[in-house]
Protein chains: 2
Amino acid sequence: MSTDENLASEHQESEARPAEARVEAFIGVREARRSEVAEDYVELIAELIHEQGEARPVDIAARMGVTAPTVAKTLGRLARDGLITRAKYRSVFLTEEGRALAKECRERHEIVLRFLLRLGLDPETAERDAEGIEHHVSQRTLALFSDFADRN
Amino acid sequence: MSTDENLASEHQESEARPAEARVEAFIGVREARRSEVAEDYVELIAELIHEQGEARPVDIAARMGVTAPTVAKTLGRLARDGLITRAKYRSVFLTEEGRALAKECRERHEIVLRFLLRLGLDPETAERDAEGIEHHVSQRTLALFSDFADRN
DNA sequence: AATGATTATTAGCCGAAGCTAACTTTTTAC
DNA sequence: GTAAAAAGTTAGCTTCGGCTAATAATCATT
Ligand SMILES: [Mn+2]
Ligand SMILES: [Mn+2]
Ligand SMILES: [Mn+2]
Ligand SMILES: [Mn+2]
């Protein structure tokens, strides 16, 4: 017999089988959470390089709204994970992998933002919500958002 | 003179003033992240109480896809924060505050889910994305989602 | 070239949220 | 009513991502 055939032997409700799908959702969300900070950092680093020619920790800290030591520690993780390179007291560079991730994040961010604006949201709230939502949209949802923003 | 009048003295770009709005967005997202787990737990606890009559740690663990000790520790935080009450080796109860939060989360979850389905997303992906997105939609966005789901 | 201001790093603290291993309590089966 | 199974708890470990305080390096001004 299957491992969890009659888990709800007594209290079987009218639902099809939501529990199994639900647990997968939770696991997926926890997975997504683990890359949120890295995504925001590489996106911002790419922006700074584009806008200012280089990404300095002091500017990362200012734009992220965190302290310099927090930035330093996070950059350590990004370097460990192969997304950036850095030398002591120098500004930060994206690796190939980091650039690819940054591009992906920027595009996703823009699609979510355009979508929210098209829905009728004010720019400040749209920016705020997009910054959080962007990390939790699947490719399918992103495609639908993009269609909607273009179509309407 | 103001504290940050000419931060971008040299590299002033064409943007209006996105940096200040941006940092507020990041701060807001970090704030929202701090309640994600609590929200998912109280929502699930309310569901279990409704479906099964009681919320037992073993069922919370199964549905959340985490281990029993993780549940125990999280329940400790929820109790500390006044969202649940519990006695050793007994099932979990929501406080008034916990019930209120659970209701709010359930309604928000449903609006986001209905919205995604109405957009054309398949149910599994919709459930997955809703589980993450729900924690990052403002009241305004929620209202727009609700309107869209009803209208279309 | 010296010095003061700015920037960056390091050390060390904290809480959240995950885990395994070990133990206790409760429930179930016989 | 006892023994086994299930459920719950506790202890202790880890990583992440925040912080402050202290130190070190770089940059700018003269
Ligand atoms: Mn973001
Ligand atoms: Mn972003
Ligand atoms: Mn959720
Ligand atoms: Mn939910």
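Numbers restart at 1 for each chain; the letters A, B, ... are given by sequence-line order, proteins then strands. Basis for what follows: all heavy atoms, side chains included, without hydrogens, waters or symmetry-related copies.
Residues B/Val23 make up the rest of the hydrophobic cluster containing B/Ile27, defined by ILVMFWY side-chain heavy atoms closer than 4.5 Å, directly or through other members. Through chains of ILVMFWY side-chain contacts below 4.5 Å, A/Leu113 is grouped with A/Leu117. Applying the 4.5 Å side-chain rule to ILVMFWY residues, one finds that A/Val58 remains a lone member of its cluster.
Whole-Å rounding puts the A/Ile60 CD1 to C/dT9 P distance at 10 Å. In this structure, CD of A/Glu31 is placed 13 Å from P of D/dC16, rounded to the nearest angstrom. With rounding to whole Å, A/Arg86 atom CZ is found 11 Å from C/dA8 atom P. If you take CD1 of A/Ile84 and P of C/dA8, they are 13 Å apart, rounded to a whole angstrom.
Taking a cutoff of 4.0 Å between a charged side-chain nitrogen and a carboxylate oxygen, B/Arg106 and B/Glu134 do not qualify as a salt bridge.
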N/O donor-acceptor pairs under 3.5 Å from side chains in residues 71-86 of chain B, not counting sequence neighbours:
| unit_1 | atom_1 | unit_2 | atom_2 | d |
| --- | --- | --- | --- | --- |
| B/Thr74 | OG1 | B/Thr70 | O | 2.9 |
| B/Thr74 | OG1 | B/Arg77 | NH2 | 3.2 |

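The CG atom of B/Asp59 lies 11.5 Å from the CD1 atom of B/Ile49; values are rounded to the nearest 0.5 Å.
For the residue pair A/His135 / A/Glu36, no side-chain donor-acceptor distance below 3.5 Å is found, with atom types taken as modelled.
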Check the interface with nucleotides 24-29 of chain D: list each N/O to N/O pair with the protein under 3.5 Å, or write none.
| unit_1 | atom_1 | unit_2 | atom_2 | d |
| --- | --- | --- | --- | --- |
| D/dA25 | O4' | A/Tyr89 | OH | 3.3 |

With the sugar-phosphate defined as primed atoms, P, OP1 and OP2, and the base as all remaining atoms, what B/S/- string results for nucleotides 13-20 of chain C, 5' to 3', for protein heavy atoms under 4.0 Å? B--SBBBB

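The distance between the ring centers of A/Tyr41 and B/Phe26 does not fall below 6.0 angstrom.
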